[in-house]
J.: 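What follows is a single structure, and I will ask about it in a moment.
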Amino acid sequence: MTRNNLSDMMCLDIYLSGLSDLEYKKVQKHLKPSKRVMAPLLCWEFYYPEYERMLNRATINADIKALHKYSGKFNWRIDLDKTLNTFPYDALVLTDGTKNILWVNNGFTEMTGYPKSEAINRNPVFLQGEKTSKAVIFKIRNKIQQTKPFKTEIINYRKDGSIYNCEIRLFPLIGESSLHFLALEREV
């Protein structure tokens, strides 16, 4: 029967870092320098496509659940599940008819650097800046007035001042006595 040497275990450092001081003292006497030459760790990132799909699915489900609360309140005539599952997005922005932000998802914070608390009750124009095209701003305003879905790209600014090219798919959410807009945004 062959005994495994703890010091020859791959990722032993990860395992040991998770031990309490008492647990580490128990195994410390069994640790000896390895004779094996190991390549240095170049990256902590592991790629597992199915895990990524599961995370995306969980994120989409959480977004759908949050938006369904608003949908129930305002009786929008849109299939949110279909919309959010059809079009790719990083960030979601829900505004009222006057274009004040009511809700953003976690992806908004990841993409822009602005926490939710700094986005709520603001107009999305706070993301625009010097390099934002006036023609695109005009186009967006016209499309919003027409209350029809549209897609466009705009240069926006993150909280740190860096720019990013943002693809926006905007959907009017028409209810019995209300108007809202949902923007599906992603960096392109």
J.: Verify whether the ring centers belonging to Tyr89 and Phe108 lie closer than 6.0 Å.
T.: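 No, ring centres 6.0 Å or more apart.
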J.: Kindly give the heavy-atom pair with the smallest separation between Lys159 and Gly113, and that separation in Å.
T.: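 In this case the closest contact between Lys159 and Gly113 is CD-O, 3.5 Å.
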J.: Heavy-atom count around Arg122 CZ within 6.0 Å, excluding the residue itself: above 12?
T.: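 Above 12, so yes.
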J.: To the nearest 0.5 Å, what is the distance between CG (Asn61) and NZ (Lys65)?
T.: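 One gets 10.0 Å once the value is rounded to the nearest 0.5 Å.
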J.: To the nearest 0.5 Å, how far apart are CD in Gln128 and OH in Tyr157?
T.: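 Answer for the CD-OH pair, Gln128 versus Tyr157, is 10.0 Å.
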J.: Spell out, as yes or no, whether a donor-acceptor pair under 3.5 Å connects the side chain of Gln145 to the backbone of Asn142.
T.: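 Absent.
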J.: Using side-chain contact (heavy atoms from CB on, under 4.5 Å) as the criterion, point out the one residue from Leu179, Asn121, Leu102, Leu173 that pairs with Asp96.
T.: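 Running side-chain contact (heavy atoms from CB on, under 4.5 Å) over Leu179, Asn121, Leu102, Leu173 with Asp96 returns exactly one hit, Leu102.
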J.: Does the Asn105 side chain pair with the main chain of Ala91, one donor and one acceptor, at a distance under 3.5 Å?
T.: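 Side chain of Asn105 to backbone of Ala91: no pair is present.
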J.: Can a donor-acceptor pair be found, under 3.5 Å and without considering hydrogens, that links the side chain of Asn123 to the backbone of Asn100?
T.: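 No, Asn123 side chain to Asn100 backbone: no donor-acceptor pair under 3.5 Å.
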J.: Is the distance between the ring centroids of His180 and Tyr70 under 6.0 Å?
T.: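 Ring centroids of Tyr70 and His180 are no less than 6.0 Å from each other.
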J.: I'd like to know if Val104 and Ile144 are part of one continuous hydrophobic network [Ile/Leu/Val/Met/Phe/Trp/Tyr, side-chain heavy atoms within less than 4.5 Å].
T.: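 Hydrophobic grouping puts Ile144 apart from Val104.
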J.: Heavy atoms, side chains only, cut-off 4.5 Å: are Leu182 and Leu80 in contact?
T.: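 Yes, close enough: below the 4.5 Å cut-off.
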J.: When you check the gap from the basic side-chain N to the acidic O, do Glu185 and Arg169 get nearer than 4.0 Å?
T.: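 No, this pair does not count.
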J.: Take Ile163 and Asn156, measure what side-chain contact (heavy atoms from CB on, under 4.5 Å) needs, and give me the verdict at the end.
T.: CA-CA 6 Å; Ile163 63 172; Asn156 276 344; over 6 Å; no
J.: Around atom CD of Glu130, are there more than 12 heavy atoms of other residues, nucleotides or ligands at under 6.0 Å?
T.: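 No, CD of Glu130 has 12 or fewer neighbouring heavy atoms, counting only those of other groups under 6.0 Å.
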J.: Flag the pair Tyr114 / Phe126 as yes when their ring centroid distance falls below 6.0 Å, and as no otherwise.
T.: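 Ring centres of Phe126 and Tyr114 closer than 6.0 Å.
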J.: Is Arg77 reaching over with its side chain to a backbone N or O of Gly175, donor-acceptor style, under 3.5 angstrom?
T.: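 Indeed, once roles are kept as given, a pair shorter than 3.5 Å links the two residues.
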J.: Closer than 3.5 angstrom, by distance alone: can the side chain of Thr132 be matched with the main-chain N or O of Ile155 as a donor-acceptor pair?
T.: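 Pair found, side chain donor or acceptor close to backbone of Ile155.
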J.: Would you say Leu92 and Met111 are hydrophobically clustered, going by side-chain heavy atoms of ILVMFWY under 4.5 Å?
T.: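 Shared cluster, no.
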J.: Looking at Phe181 and Pro172, what are the two nearest heavy atoms and their distance?
T.: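 Closest approach of Phe181 to Pro172: CD2-CA, 3.8 Å.
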J.: Hydrophobic clustering (ILVMFWY, side-chain heavy atoms < 4.5 Å, transitive) - are Phe171 and Leu94 grouped together?
T.: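 Same hydrophobic cluster.
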J.: Counting N and O atoms only, with roles assigned by atom type, does the side chain of Ser71 sit under 3.5 Å from a partner on the main chain of Leu67, one being a donor and the other an acceptor?
T.: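 Side chain of Ser71 to backbone of Leu67, a donor-acceptor pair under 3.5 Å: no, none is there.
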J.: Same cluster or not: Ile78 versus Leu170, using hydrophobic residues (I, L, V, M, F, W, Y) connected whenever any side-chain heavy atoms lie under 4.5 Å apart?
T.: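 They do not share one cluster, since no chain of ILVMFWY contacts under 4.5 Å joins Ile78 to Leu170.
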J.: Could you walk me through whether His68 and Asp81 pass side-chain contact (heavy atoms from CB on, under 4.5 Å), step by step?
T.: CA-CA 9 Å; His68 271 293; Asp81 301 42; 2.7 Å; yes
J.: Answer yes if Ile137 and Val125 sit in the same cluster of Ile, Leu, Val, Met, Phe, Trp and Tyr residues linked by side chain heavy atoms under 4.5 Å apart, and no otherwise.
T.: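 No; tracing contacts between hydrophobic side chains, which count when under 4.5 Å, never links both residues.
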J.: Can we say Glu110 and Arg158 salt-bridge, meaning some charged N sits less than 4.0 Å from an Asp/Glu carboxylate O?
T.: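 Looking at Arg158 together with Glu110, the answer is no, because their closest N to O distance does not fall below 4.0 Å.
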